[in-house]
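For reference, the structure is listed below as structure tokens.
Lettering of chains follows the sequences in order, A, B, ..., and the numbering in each one begins at 1.
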Amino acid sequence: MARYWLMKTEPGVVGIDDVLAMPKKTVDWWGVRNYQARNFMRDQMQVGDGVLFYHSSCPEPGIAGLAEVASTAYPDRTQFDPKSAYHDPKSTPEQPRWVNVDVRIVKKTRLVGLDELRAHPELANMRVLQRGNRLSITPVDPAEWNFIVERLIKGRK
DNA sequence: GCCAACGTTGGC
DNA sequence: GCCAACGTTGGC
């Protein structure tokens, strides 16, 4: 059964326009260094799962588009690169610690900002709206996904 | 720049 | 295994 996720990225590093410019509009979701987020990718994500592509740490935080999981998890290339800020000296190709999936943009949408998300009681339980939330990948309820896609994206302007 | 939240580290 | 200190995230 398909699942739904919200995945955060900093548009100053890799934003939705950067991914649209890539071959197949697909990016490897490198750089996750949190075990809970890693485990979501490793243990639960399946090709075709829905993704809310979220911009964070930027002037306009919010959902910037719809995407989908385009691969199962495989080792994150940056963990082996000594020059990368994401290098993990304790990780080896034989026993990689960090993985990522590929994410493909389905469509860029208008920016659905945090304030707008907060305005709807139907979305009040979303992890991304909770105070102090830091987890970069969070599951999204089917009802929340449907509300956002049907009411906030397709249903408006 | 502030600070809440929380994951990670390391001494014991 | 505990837990204080430290580091990071991310909205404001």
Before we go on, tell me: are the rings of A:W98 and A:Y35 under 6.0 Å apart, centre to centre?
yes
Determine, step by step, whether A:L66 and A:V149 satisfy the side-chain contact (heavy atoms from CB on, under 4.5 Å) criterion, reporting the C-alpha distance in whole Å, the side-chain angles of both residues, the deciding distance to 0.1 Å, and the verdict.
CA-CA 9 Å; A:L66 301 178; A:V149 171; 4.1 Å; yes
Partners of A:H120 by ring pair (Phe, Tyr, Trp, His ring centres under 6.0 Å), sequence neighbours excluded?
A:F147
Of all pairs that satisfy salt bridge (charged side-chain N to carboxylate O under 4.0 Å, His left out), the ones with a partner from residues 122-149 of chain A, not counting sequence neighbours:
none
Contact letters for nucleotides 5-11 of chain C, in which S counts primed atoms plus P, OP1 and OP2 and B counts the base, heavy atoms under 4.0 Å:
--BBBSS
Quick one, A:D102 and A:Y74 - any side-chain contact, counting heavy atoms below 4.5 Å?
yes
Protein-nucleotide distance (A:R131, atom CZ; B:dC3, atom P), rounded to Å
12 Å
